[in-house]
Amino acid sequence: MGVKRRVDEKRRQGGRTFLDHLLIDVRAGHGGDGSVAFFRDVHQPNGPPSGGNGGAGGDVLIRAVPGMTSLSGIAQLLKGERGGHGSGKWRHGKRGQDVIIKVPVGTVVREVSRGKVINPWDDGMLAAEYPEWAALTPEEQDKLRRKRVWVHYPQKEDDNAKDELFLNAEAQLRKEMKAQLWRERKEQEERPALELDLSEPTVGDSIVLARGGKGGLGNPYFANTEVRKPMWATKGKEGESMRLFLELKLLADVGLVGLPNAGKSTLLRALTNARAEVAGYAFTTLNPQIGTVQLFHDGGFGPTDSRPITHSQDERELADLGLLPPPTRTIHAWDRSEQGRLTICDNPGLLHRASEDVGLGHTFLRSVERARALVYVVDLSSPAPWDDLYVLKHELEAYRPGLSDQARLIVANKADLLGAREEGVELDPEERHEKEREAWEKVQRLEDLSGGLDVVPVSAKFRMGLNRVVALLREYVAESKEKDESGTNVL
Ligand SMILES: Nc1nc2c(ncn2[C@@H]2O[C@H](COP(=O)(O)OP(=O)(O)OP(=O)(O)O)[C@@H](O)[C@H]2O)c(=O)[nH]1
Ligand SMILES: [Mg+2]
């Protein structure tokens with residue numbers, strides 16, 4: 001299949017690949033109803049209206065918390081508590097309890113749909129809500145509409161409907177609500193679909209997703225010089241509701257970043273159990289891939305699904321190329337017990353001008369954004385690998401300012417191509433020395449232009465120089481975890 005077609009397909013998916021996702025419904029609490037009551041005691045057998053207002057419904061909030069690793073365990077329906085109803089003696093209803101949805105850091109929240117605020121004076125909306133609406137008489141329709149809006153004093157519903165004072169109050173409320181509902185609806189329509197990228201732990205208060213409905217008004221609100229004994233109050237309003245899609249971004253300890261064809265996938269295969277695709281053309285990798293490295297007590301490593309490989313041979317070869325000091329360590333079998341693991345994430349090649357949406361763009365950088373350390377992979381055999389470095393850094397910064405600060409290491413790959421030895425050919429010492437010097441100078445230049453990053457020449461293909469890479473990755477990850485534990489990364 002054509003690479004172009006596959007790249008195009010991938011672009012349509014927005015370059016997103018996620019391990020975990022979930023659809024949830026969120027409903028903020030309904031407001032409590034206002035109360036119709038009148039104050040009475042021995043001195044005032046026929047006292048003033050005293051119904052309290054309803055309490056507001058509880059909000060639904062979201063918080064990204066460190067330490068969570070999965071979306072499993074989050075309920076599919078989350079409801080804010082209903083506000084309490086008002087009651088006599090001017091007692092207002094209690095505010096409903098909020099619900100806080102706790103999600104792992106790295107969750108992306110996207111709105112799928114939003115509940116409509118129903119306007120009880122909008123016949124079209126009511127017709128959509130009640131299938132039988134069209135068959136009702138105008139009186140029945142009024143009755144249904146009033147049910148959504150009003151609370152009546154016991155047995156006063158029919159009297160109220162004939163009471164001119166009530167009808168006046170209704171007209172007044174309708175006018176007020178019309179303006180307010182119009183505003184709410186406009187606001188809702190203009191508000192773009194929610195998209196939250198919770199890449200950092202939520203600081204301070206949680207983020208409100210859906211607001212609870214307002215509480216209804218108690219009957220004192222409707223009293224005036226004309227209306228001494230309002231026999232009505234209003235109901236609480238519906239809370240906001242929405243359907244949301246949650247996605248958890250891939251999380252690896254280390255993210256590989258490099259131009260197409262630099263050898264990222266080859267490196268991932270050499271270090272881990274992952275079977276990433278490798279080929280001699282650009283954009284072989286279209287999905288971020290994660291692999292696991294097993295770490296041994298002696299500093300060595302091995303892919304988790306196979307027996308450890310001995311790297312002393314490789315290191316000796318690399319030392320022969322003049323790119324590494326000769327190995328001094330011998331590996332003892334008893335050191336080969338597992339001490340820990342590292343996960344590494346391979347990625348599609350990053351292009352110059354990815355920020356202008358060339359190639360895959362850089363939406364896939366979402367998956368390395370949260371890595372504890374980033375590694376630049378460059379092709380040491382290319383004429384000016386330091387130029388590649390500049391492009392990579394620039395693209396990371398264009399995606400998110402400060403992201404390139406997470407880069408710790410430059411893997412200068414394909415060092416074998418600069419070899420001072422050619423296969424089957426013995427170079428004369430002079431020539432060999434010259435090649436060694438060239439290779440060494442290139443590495444040196446990369447180091448000078450790296451802005452203080454570690455530079456390690458390797459051959460991913462021939463598995464040379466990888467012990468040093470793993471040793472450094474181990475350090476970065478340990479440092480980052482220590483920071484987490486000491487609280488500087490966690491809020
Ligand atoms: N000589 C040599 N070739 C290598 C080395 N590492 C990778 N290659 C070759 O370079 C080509 C590209 O390697 P990949 O690992 O697919 O490169 P990539 O960076 O994953 O490429 P994309 O997925 O397209 O971004 C393949 O032909 C590899 O065999 C190396 O250390 N030495
Ligand atoms: Mg690849």
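Fair warning: this is a prediction, and the values are worked out from it, not measured in the lab. Counting begins at 1 with the first residue of the sequence. Both counts, for ligands and for their atoms, begin at 1 and track the order of listing.
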Check whether the side chains of Thr202 and Arg63 place a donor and an acceptor atom closer than 3.5 Å, and report yes or no.
no
Compute the shortest N/O to N/O distance between Asp346 and ligand 1 and return yes if it is under 3.5 Å, no if not.
no
Numbering the atoms of ligand 1 from 1, which are under 4.0 Å from a heavy atom of Asp416?
1 (N), 2 (C), 30 (C), 31 (O), 32 (N)
Who gets closest to atom 6 (N) of ligand 1 by heavy atom: Leu268, Val458, Asn413?
Asn413
Return yes when atom CZ of Arg148 has more than 12 non-hydrogen atoms of other residues, nucleotides or ligands closer than 6.0 Å, and no otherwise.
yes
Walk me through it: do Ser480 and Arg372 pass the test side chain to side chain donor-acceptor pair (under 3.5 Å)?
CA-CA 6 Å; Ser480 157; Arg372 294 183 180 278; 2.8 Å; yes
Would you check whether Ala262 reaches within less than 4.0 Å of ligand 1, judged by its heavy atoms?
yes
For Leu417, atoms of ligand 1 separated by under 4.0 Å from a heavy atom:
1 (N)
Check ligand 1 against Thr266 and write out every atom of the ligand that is under 4.0 Å from a heavy-atom position of the residue.
6 (N), 7 (C), 13 (O), 14 (P), 15 (O), 28 (C)
Thr266 backbone or side-chain N/O/S under 2.8 Å from the Mg ion (ligand 2)
no
Is the shortest side-chain heavy-atom distance between Leu71 and Ile74 below 4.5 Å?
yes
Is it the side chain (CB and beyond), the backbone, both or neither of Asn261 that lies under 4.0 Å from ligand 1, heavy atoms counted?
both
Element-labelled atoms of ligand 1 that are located less than 4.0 Å from some non-hydrogen atom of Gly263:
7 (C), 13 (O), 14 (P), 15 (O), 17 (O), 18 (P), 19 (O)
Between Val254 and Val477, does the side-chain contact (heavy atoms from CB on, under 4.5 Å) criterion hold? Intermediate values first, please.
CA-CA 8 Å; Val254 176; Val477 172; 4.0 Å; yes
Looking at Glu441, I'd like to know if its CD atom is crowded, meaning that more than 12 non-hydrogen atoms belonging to other residues, nucleotides or ligands lie closer than 6.0 Å.
yes
Taking N or O atoms only and a 3.5 Å limit, does Phe462 qualify as a polar contact for ligand 1?
no
Determine whether more than 12 heavy atoms belonging to other residues, nucleotides or ligands lie under 6.0 Å from atom NZ of Lys79.
no
